[in-house]
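FYI, side chains are in, hydrogens and waters are out, and symmetry mates aren't considered; it's all heavy atoms of this structure. Letters A, B, ... mirror the listed sequences (proteins, then strands); counts begin at 1.
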Amino acid sequence: MPISHFQSVSSPFAAQVYTALRKVPAGRVITYAALGRRIGCRSPRAIGQALRANPFAPQVPCHRVIASDLTPGGFQGKTAGPALARKLRLLASEGTHFENNRLTDPRRAIR
DNA sequence: TGTGGCGCGTAAT
DNA sequence: ATTACGCGCCACA
């Protein structure tokens with residue numbers, strides 16, 4: 001299912017982000033910067049911005065995108081609270097765990 | 001650990 | 001065309 005089929009994709013840039021993100025398998029996570037790198041974008045904030053207006057949760061795994069220092073980063077526009085809690089729960093269901101607000105197994109991260 | 005500046009796509013002005 | 005803002009990041013102290 002091509003990304004362009006998603007109604008909630010607002011810009012071509014977002015489509016690139018989602019397409020690249022879909023290649024990150026369950027059980028792994030990628031950095032905002034690394035994800036950006038894959039599509040030739042040098043602004044991690046732009047990546048987060050594209051993920052902000054979250055498309056479909058399972059198809060485009062925006063919960064697999066974390067910060068460069070291996071902290072969780074944000075979810076649905078927020079960096080804390082219930083939203084973030086859901087992100088962590090999704091990750092946990094894939095075997096990706098955080099301890100002390102830090103990725104437990106750094107080998108899961110794509111830098 | 002804290003602060004400041006940089007990056008660039010998007011929305012608002 | 002300009003300004004302002006944002007699920008960040010890196011350098012430097």
Atom CG of A/Leu35 and atom P of B/dG9 are separated, to the nearest Å, by 14 Å
Distance below 4.0 Å between A/Ser11 side-chain N/O and B/dG9 OP1 or OP2: no
Can you check C/dC7 for me, syn or anti if syn means within 90° of 0? syn
So, do A/His97 and A/Leu91 sit near enough that their side-chain heavy atoms are less than 4.5 Å apart? no
Distance, nearest 0.5 Å, that separates CD of A/Glu94 from NE2 of A/His63: 3.5 Å
Side chains of A/Leu51 and A/Val65, heavy atoms from C-beta outward: is any pair under 4.5 Å? yes
Any stems for DNA chain C, made of 3 or more Watson-Crick or G-U pairs in a row, each with both distances under 3.5 Å? B:1-6 with C:8-13, B:8-13 with C:1-6
Mind checking which nucleotides bracket the chain A contacts on DNA chain C, 5' to 3', with an atom under 4.0 Å from a heavy atom? C/dG6 to C/dC10
Test item: A/Asp69 side-chain N/O and A/Thr71 main-chain N/O as donor-acceptor pair under 3.5 Å: yes
CZ-OG1 distance between A/Arg108 and A/Thr96, expressed to the nearest 0.5 angstrom: 4.5 Å
In sequence, state the C-alpha distance, the side-chain angles, and the governing distance for A/Ser68 and A/Arg111, and then conclude on side chain to side chain contact (heavy atoms under 4.5 Å, CB included). CA-CA 7 Å; A/Ser68 190; A/Arg111 303 269 221 162; 4.1 Å; yes
If every non-hydrogen atom of A/Ala83 is compared with every non-hydrogen atom of A/Phe75, which pair is closest and at what distance? O-CD2, 3.1 Å
So CD1 of A/Ile47 and CZ of A/Arg52: to nearest 0.5 Å the spacing works out to 15.5 Å
